[in-house]
Amino acid sequence: MRITEIESIILQHDMQEELGFSQGYYDKRTAHLVLVHTDDGLTGIGEIFGAGNFAFANQAILQHVISPRLVGRNPLDINVIWHDIYNTVRDHGQKGMPICCLSGVDIALWDILGKATSQPLHQLLGGRARDDFVAYGYGMMFRKRDDLAEIFEKEVAAIVERGFTASKMKLGLGVDRDIELAEAVRRGAGEGFKLMADVNHAYTVGEAIQLGLALRDLDYYWFEEPVMPEDYDGYRLVRDALPGIHIAGGEAEWTRFGHRELLCRRSVDILQPEVAATGGISEFMKILSMAHAFGTPVIPHVWGSDVLIAVDMHLVSVLPDLPGGLKQFEPMLEYDTTPNLFHERLLTEPLGIFEQVRDNNGRVRPPEGPGIGIALDEDFVAKYRVG
Ligand SMILES: [Mg+2]
């Protein structure tokens, strides 16, 4: 079997409402898919992290740098191909967009391996450690409105109503405003409901500690990306100052080399690699092994279309118990509940996350078909393709 073509597909749609996080607002959804075609008819599906104009820039890297090295090769040489591409881009980008592109290709190659062997991805990775797991309902993104606290309180109440047993909100509008919003979400969710807060590296160490103390008082479970991803020691200072709330991070970190820093410096309680950015499934599994050597649990960061949701469902299902015993740390699947056409419309057989959550006590199961176990709806893809 040989690779014949790398196809990059950028999908985009306008959003009904602008949504924001601590680094900005956006009004379009983007999904960047990569299809690896082969001469025996199998096609692998992957996705590359990077919205908006980043997707078009990634497309150029894919077409001009990566694709020429792939055509004609055996797609099952996944590890060989990974290191060849990494060596090719190393002098031009050990982090960021070149690695995001490598990630999408790697995911597609694993999909081909699954299709070639008629095995689901979770089986290729050594089997499911759990049949199902909690999906946490992500929401509470910023709107440019004064009544945001009221909106957030209602939004989290609706997430609870849909059957989710955990939820995550955005923060990063200033410590005082954040505390007001976090209090509103705690009110809307109720006591005892599992809540997480994500500030997308909006704060200095001092500000992060101030906010973290308030979040801990409100019984938030984790505090995500408190400080700049480059500030590994700052993470450690925040973590040392905040026993009783988990410090999470890692979505803006790349490959085993980057995650090594977060682990060696004991920067986080929970590591959150993003499979479509950090180096793909191959690198995710290496980072997972390294995290376990440090006794650090992994809960993947998830952001993308149903292609990535499905990939992450497999990944969450195969995470080994840590540390081992009757009482286990439980990984979860991140699921964006805000309106998104690339959820539940992109695939011929929808993942049915909302239905699974409602009918299975907030828990979901990965797809069972070969590879990632998904097929794209060609008409939908054609309708929303912009590049
Ligand atoms: Mg985050």
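Remember, it's 1-based here, ligands and their atoms both numbered in the order they're listed. In this text the structure is predicted, and so the values were computed from the model without any measurement. FYI, the numbering just counts along the sequence from 1.
No other N/O/S atom of Glu251 lies as close to the Mg ion (ligand 1) as OE1 does. Closest to the Mg ion (ligand 1) among the N, O or S atoms of Asp198 is OD2.
Asp321 contributes no side-chain N or O that, together with a main-chain N or O of Gln328, makes up a donor-acceptor pair within less than 3.5 Å.
Among the atoms of Glu224, an N, O or S atom falls under 2.8 Å of the Mg ion (ligand 1).
Between Glu180 and Arg177, at least one side-chain N (NZ, or NE/NH1/NH2) sits under 4.0 Å from a carboxylate O, which counts as a salt bridge. Between Lys383 and Asp379 there is no salt bridge, since no side-chain nitrogen of the basic residue lies less than 4.0 Å from a carboxylate oxygen of the acidic one. Under 4.0 Å is where a charged nitrogen must lie from a carboxylate oxygen, and between Glu7 and Arg385 at least one such pair does.
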